[in-house]
Amino acid sequence: MKKCFDATKYLKVQKKKIAQRIRMFDKLYLEFGGKLIDDQHAARTLPGFLPDLKIKLLQEFKNDAEIILCINANAIESSKIRADHMISYETEVLRLIEFLRAKGLYVSSVVITLFDGQKKAKDFAEKLKDYKIKTYFHTFTKGYPTDVATIVSDEGYGANPYIKTTRPLVVVSAPGPCSGKLATSLSQLYHEYRKGVNAGYAKFETFPVWSLPLKHPVNVAYEAATADLGDINMVDHFHLDKYGVTAINYNRDLETFPVLKEILHRITGKNIYYSPTDMGVNVIGECITDDKAIRRAASDEIIRRYYRALTDLKKGLVTPEVPERIKLLMNELGINESGRTVVAHAEAKRNSSGKPSACLQINKKYITGRRTEYLSPISSTILNALKVVSKIPDEVDLIAPTVLTPILDIKNRVSNFKANYLNLNEVLIALSICSTTNPVVKKILENLDKLEGAELHSTHLIPDDEMIILSNLGINATSGTELDV
């Protein structure tokens with residue numbers, strides 16, 4: 001996909017925008033929405049946007065910034081899972097701590113929000129001691145959301161312990177939505193003003209892009225990505241009324257803004273913002289270099305989201321309304337499933353082979369694979385794709401049956417069920433072993449990164465473990481809803 005987003009410009013203008021907001025206050029609490037790391041949605045929707053671009057941005061402020069991570073106690077208690085990595089929210093918090101520290105960023109504390117004595121939350125706080133990080137417990141805010149007088153009082157925000165912060169920029173982030181970032185930020189503002197500190201609040205959200213039209217595919221792709229949350233993009237009528245400028249925001253921010261504005265006024269004694277858009281600091285719209293290409297990329301993302309919603313429905317992870325909602329969005333833009341051409345090639349391979357199949361598209365080439373005696377359809381397709389990008393003849397066996405057979409045998413001996421084939425992880429391990437003695441296989445593995453950005457579709461449900469590997473390789477994968485049995 002052609003790059004149509006200027007990441008270098010983005011770092012420059014985004015840094016300037018945040019720095020301007022910091023200078024308005026003695027201390028700025030910046031609510032950081034979306035994925036802090038591995039923002040694959042942004043990378044797919046805005047080709048040229050790097051998955052770790054937000055980290056690079058924070059590194060620009062590393063001497064002035066500290067990070068607070070919020071996690072909902074109920075998410076800990078229910079062992080809530082992040083669908084993209086299939087790990088729990090608490091594991092994601094630990095991953096974030098380690099990753100951010102490795103990047104030279106200061107994680108000062110973790111806040112467990114909506115705490116009501118949950119045992120698993122207490123256990124998680126104990127685990128955080130091993131990371132030498134301070135943990136705070138915040139409870140439900142009394143009076144929220146309508147009784148502002150109680151919210152902004154010692155019974156409301158004042159009932160939460162003050163989180164000690166020492167730097168002018170405090171980034172408030174989380175492993176996922178509904179983690180309590182806003183409540184934590186406002187609670188801190190309450191305490192800061194009690195201490196005589198001129199603190200401020202701002203919001204960093206990648207999407208929707210306020211400066212793009214309401215029905216621009218980039219903004220519609222955000223709606224598709226959050227269809228399970230019920231987010232709906234809307235014109236920020238507060239902004240339009242105040243400034244005469246059309247800006248795009250989403251329903252939850254618009255619904256809560258009147259209360260939020262009153263809370264901020266009661267805490268600070270003044271009106272700082274007049275619209276949800278005012279609170280934001282993102283300048284992502286300024287860095288799009290090719291609107292036509294961005295529209296195409298965003299439309300592709302919407303179709304991918306539709307296929308993923310169908311598979312999530314099959315797994316019982318979402319309600320039927322989610323894929324229905326995305327389908328309506330597709331209809332509004334005049335796009336449909338046929339726009340994902342890799343699907344037709346995968347189906348054709350399945351029809352000709354009679355086996356579960358997959359197809360990978362890269363550099364305008366369509367490479368197919370099917371389930372074989374030893375390989376899953378994903379393993380087969382990836383091996384075939386590696387041959388193509390490495391210019392290895394198709395007839396060359398990268399892994400001999402004499403290697404695959406004992407692996408499959410031992411897998412069956414230690415498993416509780418009959419394994420019919422080796423998955424992608426097992427095949428990549430086998431390749432790694434073979435590469436020590438086979439220079440051709442070594443060359444193959446060196447070209448793994450050439451698959452980044454490729455499109456893949458499987459006729460049958462892709463197991464979670466294979467889907468995670470495909471995501472880590474930067475391959476945009478979707479699947480049908482049939483089970484490979």
Side-chain angles (χ1 to χ4, degrees), residues 7-8 10-12 14-15 18-19 22 28-44 48-71 75-76 80-112 123-136 163-177 179 181 184 204-206 425 428-429 432 445-446 448-449 452-453 465 468-475:
T8 302
Y10 176 71
L11 280 177
K12 181 179 179 180
Q14 188 63 76
K15 178 183 177 182
I18 294 175
I22 294 172
L28 176 67
Y29 285 87
L30 182 60
E31 181 186 345
F32 228 73
K35 294 176 181 175
L36 191 55
I37 60 177
D38 301 331
D39 195 341
Q40 297 294 341
H41 173 78
R44 292 189 298 264
F49 188 102
L50 306 173
D52 65 343
L53 197 54
K54 293 177 185 176
I55 296 299
K56 293 180 183 296
L57 175 63
L58 288 180
Q59 287 178 310
E60 294 288 319
F61 296 94
K62 68 179 181 180
N63 293 326
D64 298 315
E66 62 185 279
I67 300 168
I68 295 174
L69 296 175
C70 302
I71 180 169
I76 300 174
K80 190 172 183 179
I81 298 295
R82 274 183 57 121
D84 52 352
H85 293 295
M86 298 306 294
I87 59 176
S88 67
Y89 270 39
E90 56 264 41
T91 301
E92 175 66 359
V93 166
L94 300 179
R95 186 175 81 104
L96 284 170
I97 292 170
E98 292 178 343
F99 183 90
L100 293 168
R101 283 176 171 174
K103 295 295 182 179
L105 295 166
Y106 174 43
V107 182
S108 62
S109 55
V110 170
V111 184
I112 298 177
D123 293 341
F124 183 58
E126 287 297 313
K127 184 182 295 184
L128 287 168
K129 290 181 180 179
D130 295 334
Y131 288 77
K132 294 180 172 58
I133 194 163
K134 180 68 174 175
T135 304
Y136 297 84
I163 303 165
K164 184 179 179 181
T165 57
T166 59
R167 298 188 179 184
L169 175 61
V170 182
V171 174
V172 184
S173 190
S179 295
K181 299 188 297 293
T184 298
F204 179 97
E205 291 276 12
T206 311
N425 182 56
L428 290 177
I429 291 173
S432 299
L445 289 177
E446 291 172 350
L448 259 177
D449 59 356
E452 183 176 0
D465 52 359
I468 291 170
I469 294 173
L470 292 172
S471 176
N472 290 340
L473 290 173
I475 297 173

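S471 OG to Q40 CD: the interatomic distance, rounded to the nearest 0.5 Å, is 5.0 Å. A distance of 9.0 Å separates CG of L53 from OG1 of T8, quoted to the nearest 0.5 Å. Atoms CD and NZ, from E92 and K35 in turn, are 9.0 Å apart once rounded to the nearest 0.5 Å. Rounding to the nearest 0.5 Å places CD of Q14 at 8.5 Å from OG1 of T206. Taken from CD in E60 to NZ in K12, the straight-line distance is 12.0 Å, to the nearest 0.5 Å. Atoms NZ and NZ, on K129 and K132 in that order, are 12.5 Å from each other to the nearest 0.5 Å.
Not a single donor-acceptor pair under 3.5 Å links the side chain of D52 to the backbone N or O of I55. Counting only distance, with no hydrogens or angles, the side chain of E205 and the backbone of F32 share no donor-acceptor pair below 3.5 Å. Checked by atom type and distance alone, the side chain of R167 pairs as donor or acceptor with a backbone atom of K62 at under 3.5 Å. For T91 (side chain) and I87 (main-chain N/O), no donor-acceptor pair under 3.5 Å exists by modelled atom type.
Contact between A174 and L69 at its shortest, heavy atoms only, is N-CD2, 4.5 Å. Between D39 and A42, the closest heavy-atom pair is OD1-N, 3.1 Å. The two atoms that bring A125 and I112 nearest to each other are CB-CD1, 4.2 Å, heavy atoms only. For the pair T184 and C70, the tightest heavy-atom approach, listed with the atom from each and the gap, is OG1-SG, 3.4 Å. Of all the heavy atoms in P175 and V93, the pair that sits closest is CG-CG2, 3.8 Å. Contact detail for K54 and G33: the closest heavy-atom pair is NZ-O, 3.6 Å.
Inspection of the T165 and Y29 side chains reveals an N or O donor paired with an N or O acceptor under 3.5 Å.
The shortest distance between side-chain heavy atoms of L128 and I97 falls below 4.5 Å. Looking at heavy atoms from C-beta onward, L100 lies out of side-chain contact with K103 at the 4.5 angstrom threshold. Within the 4.5 Å cutoff, the side chain of K181 has no heavy atoms near those of the L30 side chain. Looking at I475 and E452, their side chains never come closer than 4.5 Å, going by heavy atoms from C-beta outward. Contact annotation: the side chain of I76 approaches that of I71 to within less than 4.5 Å [non-hydrogen atoms, C-beta and beyond]. Two residues are said to be in side-chain contact when any heavy atoms from C-beta on lie closer than 4.5 Å; I67 and V170 fail this criterion. A heavy-atom distance below 4.5 Å is found between the side chains of F61 and I22. At a threshold of 4.5 Å between non-hydrogen side-chain atoms, the residues V171 and L105 do not count as touching.
Classified by interplanar angle (parallel below 30°, tilted 30° to 60°, perpendicular above 60°), the ring pair Y10/F49 is tilted.
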Task: side-chain contact (heavy atoms from CB on, under 4.5 Å) evaluation trace for Y131 with R101 - done: CA-CA 11 Å; Y131 288 77; R101 283 176 171 174; 4.1 Å; yes
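Take S109 and apply the side-chain contact (heavy atoms from CB on, under 4.5 Å) test, not counting sequence neighbours, and it matches I68, K134, Y136, I163.
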